[in-house]
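One structure below.
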Amino acid sequence: MKREAVLGAYRALLRSTRKSFSGDTLMLTESASEIRRKFEDNRNVTSDTEIQNLIDEAQQASHFISTMIVQAKLTSRGGYEMKPRKEHTGGTLEVPSEEILPKSV
């Protein structure tokens, strides 16, 4: 049971990042690496309570990524465009400042 729940949480996180970062190879690669690293770091956890806490944390992270992250894409006009989906309804919009957005070359 525990193994299936852990694998399910792992897969849910990967699905969430694939959906949220679709088309962004760097973010897909980096997020998959970070997810893998977090799960590897906790591979030897044996306490049922701690395992359940980690599964809950992974499920919360998956929900957050799916509902709270909308990736902006650079348009041909030099601006950024976001296309929220229905699962983003009720979220708070935080537009990053120009200083942290990469400058187009």
Side-chain angles (χ1 to χ4, degrees):
M1 157 64 180
K2 282 186 282 185
R3 179 175 170 79
E4 292 84 18
V6 170
L7 288 174
Y10 181 76
R11 288 184 193 116
L13 274 167
L14 290 177
R15 275 193 304 274
S16 296
T17 58
R18 279 195 304 266
K19 192 171 185 179
S20 292
F21 303 127
S22 176
D24 186 337
T25 306
L26 177 63
M27 283 302 294
L28 287 168
T29 303
E30 293 297 319
S31 61
S33 293
E34 180 67 13
I35 292 166
R36 174 77 180 210
R37 186 186 64 75
K38 291 276 191 184
F39 275 76
E40 287 292 333
D41 288 349
N42 292 294
R43 177 182 286 276
N44 296 318
V45 172
T46 57
S47 162
D48 286 343
T49 302
E50 196 170 344
I51 290 170
Q52 187 58 53
N53 288 339
L54 291 166
I55 291 169
D56 293 344
E57 185 180 310
Q59 290 170 338
Q60 290 169 7
S62 177
H63 178 73
F64 180 86
I65 291 166
S66 295
T67 60
M68 301 301 285
I69 295 178
V70 179
Q71 192 166 35
K73 296 189 185 206
L74 184 62
T75 67
S76 59
R77 300 180 311 275
Y80 287 86
E81 178 178 81
M82 295 186 311
K83 294 183 179 176
R85 296 181 302 273
K86 71 176 184 171
E87 59 265 20
H88 296 110
T89 302
T92 304
L93 177 63
E94 293 181 29
V95 179
S97 66
E98 289 295 323
E99 292 82 39
I100 63 172
L101 291 172
K103 301 293 180 189
S104 58
V105 179

Output a table of donor-acceptor pairs, distance under 3.5 Å, between side-chain atoms of residues 9-16 and any protein atom two or more places apart or on a different chain; print 'none' if there are none.
unit_1: Ser16; atom_1: OG; unit_2: Ala12; atom_2: O; d: 2.9
unit_1: Ser16; atom_1: OG; unit_2: Ser62; atom_2: O; d: 3.2
unit_1: Ser16; atom_1: OG; unit_2: Ser62; atom_2: OG; d: 2.6
unit_1: Ser16; atom_1: OG; unit_2: Ser66; atom_2: OG; d: 3.0

| side chain to side chain contact (heavy atoms under 4.5 Å, CB included) against Thr75, all qualifying residues, sequence neighbours excluded | Arg77, Glu81

| field | Pair listing, salt bridge (Lys or Arg N to Asp or Glu O under 4.0 Å) test, anchored in residues 31-40, at least two apart | value | Glu34-Arg37, Arg36-Glu40, Arg37-Asp41, Glu40-Arg43

| query | Under a single-linkage definition using a 4.5 Å side-chain heavy-atom cutoff for Ile, Leu, Val, Met, Phe, Trp and Tyr, are Ile55 and Val45 assigned to the same hydrophobic cluster? | reply | yes

| remark: Residues pairing under salt bridge (Lys or Arg N to Asp or Glu O under 4.0 Å) where one sits in residues 45-64, two or more places apart or in two chains, turn out to be Lys2-Asp48

| message | Suppose the criterion is ring-ring contact (aromatic ring centres under 6.0 Å, His included): which pairs have a residue in residues 51-76, not counting sequence neighbours? | response | none

| Partner set under side chain to side chain contact (heavy atoms under 4.5 Å, CB included) for Thr46, not counting sequence neighbours | none

| message | My understanding is that only one of Thr17, Asp24, Ile65, Leu26 makes a side-chain contact (heavy atoms from CB on, under 4.5 Å) with Ser31; could you say which? | response | Thr17

| field | Nearest non-hydrogen partners of Phe21 and Leu28, listed with the distance | value | O-CG, 3.5 Å

